[in-house]
A.B. asks: 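Mind looking over this structure? Questions follow.
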Amino acid sequence: MSMPIPGSEVFASRPVDPGELQRSLPSTLPTHTVTQEQIDALDPLTYEVVRHRLWSVTDEMGEALKRMSGSPIVTDANDFDFAISDELGQEVQVGLYNTMLVGAVDLAIYWTLRNRATNPGIAEGDMFLTNDPWVGGGLHQNDVMVYQPVFHDGKLFAWTSAICHEPDLGGVGLGSFSPAAQDVFSESLPTPPVKVVRDFQLQRDVADLWVRRSRVPMLVALDLRAKVGANNVGRERLHALIEQYGADTVKAVMKRMMADAEARLRGKLAALPDGSWTATGYQDQSHEGDRGLHKITVTTTKTGDHLTFDFTGTDPQSGVVNCTYAGMRGGVMLALLPVLAGDIPWSAGGLMRCFDLVTEEGTLNNATYPAAVGRGPIGPAWLTGNLVAECLAQMLDRDLELGKNVQATCCGTWDTAVIAGLDERGEQPAPFLNIIMEPMSGGYGARPHADGIDTGGLFCIPMGRIPDVEMTEFLYPVLALWRREVPDSGGPGRHRGGVGASIAITPHGTSIPMGLVLASNGKAVSQNGGLAGGHPGNTGLDVLARHSRVTDLLAAGRMPSELSEVSEHLEPAQNYASSHLAPGEVFVMTWQGGGGYGDPLNRDPEAVARDLREQKITAGAARSVYGVVVENGAVDEAATAAERDRQRSARRQRSRVLRVPSGRKTDATSVKRLDDNLVEVTDGARAAVACRHCHEILGDATEGDDLALAVYEGPATDAGPQIIANAADYVDAPVVFRQYCCPSCWTALYSAVVPADHPTPPLAGLIATPAA
């Protein structure tokens with residue numbers, strides 16, 4: 001008998017054709033399904049009642065996990081999710097927690113049906129456990145899924161699943177983050193699906209093997225039992241629903257939920273013009289010691305009622321900034337759910353029928369085994385979602401109604417910081433490990449009609465929460481010197497991006513240095529880009545204050561509020577680093593706000609004055625970025641008009657005109673919106689693009705690369721005071737602030753902090769390339 005080679009194709013997971021999967025199942029595993037006639041026969045009232053009952057099941061599973069888990073990752077930050085899937089694994093209802101996981105849950109069930117149905121078999125009372133990102137279920141090894149088949153009358157009826165991020169599952173690095181990793185063997189061990197519950201009994205041998213790997217085994221063991229308990233809740237509620245309404249009715253509702261979600265999304269897509277949009281982004285550094293930039297690129301094509309996301313041209317896998325196919329798919333869902341399906345029930349199995357993925361293997365967001373993938377969900381998968389969201393925003397912005405869902409990039413990444421050491425506050429010293437979860441309060445991106453939400457959360461975790469500072473200080477030997485919003489951190493724009501925040505901590509209750517592991521990006525090149533001329537939000541920044549005065553200040557009864565009070569020896573931390581934090585030292589993390597929307601010089605001056613009063617921006621930014629002069633809390637209208645004229649004149653003097661416009665103005669009464677600044681008009685027999693503000697005709701509507709525009713490239717700090725990190729500290733490639741303007745009224749049409757050789761023509765996406 002041949003044995004599969006570990007790491008070979010047997011561990012690769014991809015979406016499957018339901019009919020083909022059904023036919024591949026052994027006769028020993030009968031499944032329950034219904035006919036199309038039974039689905040069509042559902043009455044509307046029963047459909048809505050059962051649909052909402054299924055929704056409530058996932059909510060109850062979430063509450064069960066939170067009540068049983070002792071991990072702040074679950075209880076405070078809500079970094080977990082649930083799903084109810086049909087008999088073949090298609091997701092019928094998902095939770096409102098970490099939505100990136102939606103793109104991976106079904107893949108693990110497909111794999112299990114293909115590879116576990118015969119040996120060891122799939123039976124009533126079983127549960128499986130996996131943390132193998134090549135199989136699916138999670139996006140990296142710290143995402144651990146426990147899932148179960150639910151049977152009715154001896155037939156496989158459905159699946160339930162519970163998944164959350166575990167604080168540590170072994171590997172070289174604390175929290176299983178290994179900044180220097182070059183392959184998966186330096187990280188936590190990926191475990192393909194294994195039967196952890198058999199005949200309703202937790203398998204002690206498997207459970208002991210599982211928790212043995214962790215630096216915090218008690219937390220991991222508790223989370224394992226919590227996920228088993230959450231699945232038990234899901235199974236009991238499903239059986240109660242079946243008993244009340246009948247198996248055929250419940251299954252018909254499940255199938256119709258997916259069909260309805262698919263139909264509604266297809267209807268929305270069909271109403272939009274066909275076209276293609278491209279976006280490109282970067283991971284700055286791929287591992288400890290690296291100083292390179294690593295590109296992910298996507299071309300989104302809408303044809304009729306279908307989308308294709310083509311990632312061809314993405315850079316090869318490198319260091320730890322890789323994710324598997326499941327991570328790429330999760331990134332797509334991160335963007336698609338809120339941007340396109342915000343008003344559609346999240347029956348992901350139906351929504352995922354509306355798009356295809358085109359990708360090359362061995363790349364940053366489709367890495368092949370044995371790549372290191374520890375940074376997967378919060379690096380390449382997250383960036384994949386940002387880029388897809390950028391493309392979808394360009395597609396939707398031309399529609400006044402659907403454009404309400406357009407949003408500049410939110411907090412563009414997750415800053416990872418793990419601390420671990422010895423807690424000496426109790427009678428007996430005890431080891432501790434904590435992932436700093438404060439970046440859960442990122443800033444949201446601005447919209448065409450509203451500012452972004454300040455410290456509003458994360459795009460991918462709608463129900464995410466920030467930990468309680470006092471609880472953190474109670475659980476771990478640290479003292480928080482401050483945790484506060486950071487002025488100017490939201491991207492400037494006609495509507496401002498939501499601000500981010502920072503936290504400063506120092507050891508308190510331990511006499512020895514604690515380990516510190518860092519993994520992040522977005523310090524050299526912005527991850528939180530703006531739209532329609534809006535500027536990016538702030539760059540992230542981590543700083544270590546060595547030789548600090550914090551101990552003396554605290555002893556004197558003074559709580560420092562600025563780094564300058566603490567030390568002159570400030571050490572900018574690299575994106576990927578294994579370091580330490582000793583007693584008397586201070587670690588400060590500043591995470592990202594959201595991108596802006598529209599030209600900052602078009603922002604309502606009264607909104608700028610309000611931002612200044614509420615300390616969302618500084619007085620310097622009010623004048624230098626927004627061109628608003630505020631005296632004694634009130635806008636000086638004449639001085640503001642003069643300052644804005646001066647800044648537009650400065651744009652003219654510093655910019656290079658790519659092509660001189662014809663000087664023709666449009667007088668068309670019928671125009672088609674492209675975004676906040678550009679409109680499409682009919683100019684004779686041809687469609688043309690014009691500036692919405694000055695009506696200057698800028699070029700042909702089908703040739704976005706050849707519009708009559710002016711471009712400026714200068715230091716990244718020209719984007720504004722939110723650029724707080726120096727790109728040269730992290731990468732060797734030059735990084736610039738690039739801005740395109742209308743050469744007539746000098747309104748900003750595109751603003752970004754990008755590598756100097758950033759290849760994508762920035763406005764080609766706005767003027768949609770006709771779909772092939």
A.B. asks: For a quick check under 3.5 Å, do Thr455 and Glu485 share a side-chain donor-acceptor pair by atom type?
C.D. replies: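 The answer is yes; a qualifying pair exists.
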
A.B. asks: Compare all side-chain heavy atoms of Phe737 with those of Pro715 and state whether any distance is below 4.5 angstrom.
C.D. replies: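 A side-chain contact under 4.5 Å is absent here.
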
A.B. asks: Under a 4.0 Å N-O cut-off, is there an ion pair linking Arg14 with Glu361?
C.D. replies: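 Result for this pair is yes, salt bridge flagged.
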
A.B. asks: Hey, are the side chains of Gln141 and Leu189 touching, using non-hydrogen atoms and a 4.5 Å cut-off?
C.D. replies: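 Side chain of Gln141 against side chain of Leu189, heavy atoms only: no contact under 4.5 Å found.
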
A.B. asks: Step by step, would you call Gln527 with Leu383 a side chain to side chain contact (heavy atoms under 4.5 Å, CB included)?
C.D. replies: CA-CA 7 Å; Gln527 305 290 306; Leu383 178 57; 3.6 Å; yes

A.B. asks: Are more than 12 heavy atoms, taken from residues, nucleotides or ligands other than Arg212, located less than 6.0 Å from that residue's CZ atom?
C.D. replies: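 No, the 6.0 Å shell around CZ holds no more than 12 heavy atoms from other groups.
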
A.B. asks: How far apart are the C-alpha atoms of Leu458 and Cys411, what are their side-chain angles, what is the distance that settles it, and do they pass the side chain to side chain contact (heavy atoms under 4.5 Å, CB included) test?
C.D. replies: CA-CA 7 Å; Leu458 302 179; Cys411 176; 4.2 Å; yes

A.B. asks: Is the side chain of Asn131 donor-acceptor paired with the backbone N or O of Pro190 at a distance under 3.5 Å, no angle test?
C.D. replies: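 Judged by distance alone, no pair lies under 3.5 Å.
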
A.B. asks: Got a donor-acceptor contact below 3.5 angstrom from the Gln317 side chain to the Asn366 backbone?
C.D. replies: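 Between the backbone of Asn366 and the side chain of Gln317 there is no qualifying donor-acceptor contact (under 3.5 Å).
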
A.B. asks: I'd like to know whether the aromatic ring centres of Tyr476 and Phe474 sit less than 6.0 Å apart in this structure.
C.D. replies: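 That pair fails the under 6.0 Å test.
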
A.B. asks: Side chains of Thr280 and Lys295: closer than 4.5 Å at any heavy-atom pair?
C.D. replies: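 Yes, side chains in contact.
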
A.B. asks: So Tyr97 and Phe82, would you call those rings parallel, tilted or perpendicular, with 30° and 60° as cut-offs?
C.D. replies: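 Ring orientation of Tyr97 relative to Phe82: perpendicular.
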
A.B. asks: Could you check whether Trp414 and Ser520, counting side-chain N and O atoms only, form a donor-acceptor pair closer than 3.5 Å?
C.D. replies: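 Ser520 vs Trp414: no donor-acceptor pair found between side chains.
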
A.B. asks: Evaluate salt bridge (Lys or Arg N to Asp or Glu O under 4.0 Å) for Asp542 paired with Lys523, printing each intermediate quantity in order.
C.D. replies: CA-CA 9 Å; Asp542 297 333; Lys523 293 179 171 61; 3.5 Å; yes

A.B. asks: Is the shortest side-chain heavy-atom distance between Tyr147 and Leu129 below 4.5 Å?
C.D. replies: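 Tyr147 does not reach Leu129 side chain to side chain.
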
A.B. asks: Specify whether Phe185 and Tyr369 have parallel, tilted or perpendicular ring planes, treating 30° as the upper limit for parallel and 60° as the lower limit for perpendicular.
C.D. replies: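 The rings of Phe185 and Tyr369 stand perpendicular, inter-plane angle above 60°.
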
A.B. asks: Is it true that, when you exclude His508 itself, more than 12 heavy atoms of the residues, nucleotides or ligands shown sit nearer than 6.0 Å to its NE2?
C.D. replies: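 Counting neighbours around NE2 of His508, 12 or fewer heavy atoms of other residues, nucleotides or ligands fall under 6.0 Å, so no.
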
A.B. asks: Does Glu438 pair with Arg465 as a salt bridge, N-O distance under 4.0 Å?
C.D. replies: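 Salt bridge: no.
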
A.B. asks: Using only heavy-atom distances, determine whether the side chains of Asn365 and Thr384 contain a donor-acceptor pair under 3.5 Å.
C.D. replies: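 Side chains of Asn365 and Thr384: pair found under 3.5 Å.
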
A.B. asks: In terms of side-chain heavy atoms, does Asp310 have a donor or acceptor partner in Thr312 at a distance below 3.5 Å?
C.D. replies: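 Side chains of Asp310 and Thr312: pair found under 3.5 Å.
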
A.B. asks: Quick one: do Glu187 and Arg375 make a salt bridge, cutoff under 4.0 Å?
C.D. replies: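 Not counted as a salt bridge, because no side-chain N and carboxylate O are separated by less than 4.0 Å.
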
A.B. asks: Quick test of your reading of the model: are Lys66 and Asp76 salt-bridged, counting only N-O distances below 4.0 Å?
C.D. replies: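 No salt bridge links Lys66 with Asp76.
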
A.B. asks: Closer than 3.5 angstrom, by distance alone: can the side chain of Arg483 be matched with the main-chain N or O of Ala501 as a donor-acceptor pair?
C.D. replies: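 Side chain of Arg483 to backbone of Ala501, a donor-acceptor pair under 3.5 Å: no, none is there.
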
A.B. asks: Using a distance-only test with no angle check, is there a side-chain donor-acceptor pair under 3.5 angstrom linking Gln285 and Gln574?
C.D. replies: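 Yes - a donor-acceptor pair under 3.5 Å links their side chains.
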
A.B. asks: With no hydrogens and no angle check, just 3.5 Å: does a side-chain donor-acceptor pair link Thr409 and Glu390?
C.D. replies: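 No, no side-chain donor-acceptor contact under 3.5 Å.
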
A.B. asks: Testing Asp79, Asn78, Asp81, Asp143 one by one against Asn98 for a side-chain hydrogen bond (donor to acceptor under 3.5 Å, both in side chains), which residue passes?
C.D. replies: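 Exactly one pass, corresponding to Asp79.
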
A.B. asks: Could you measure the distance from the OG atom of Ser286 to the CG atom of Asn521? Nearest 0.5 Å is fine.
C.D. replies: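 The OG atom of Ser286 sits 11.5 Å away from the CG atom of Asn521.
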
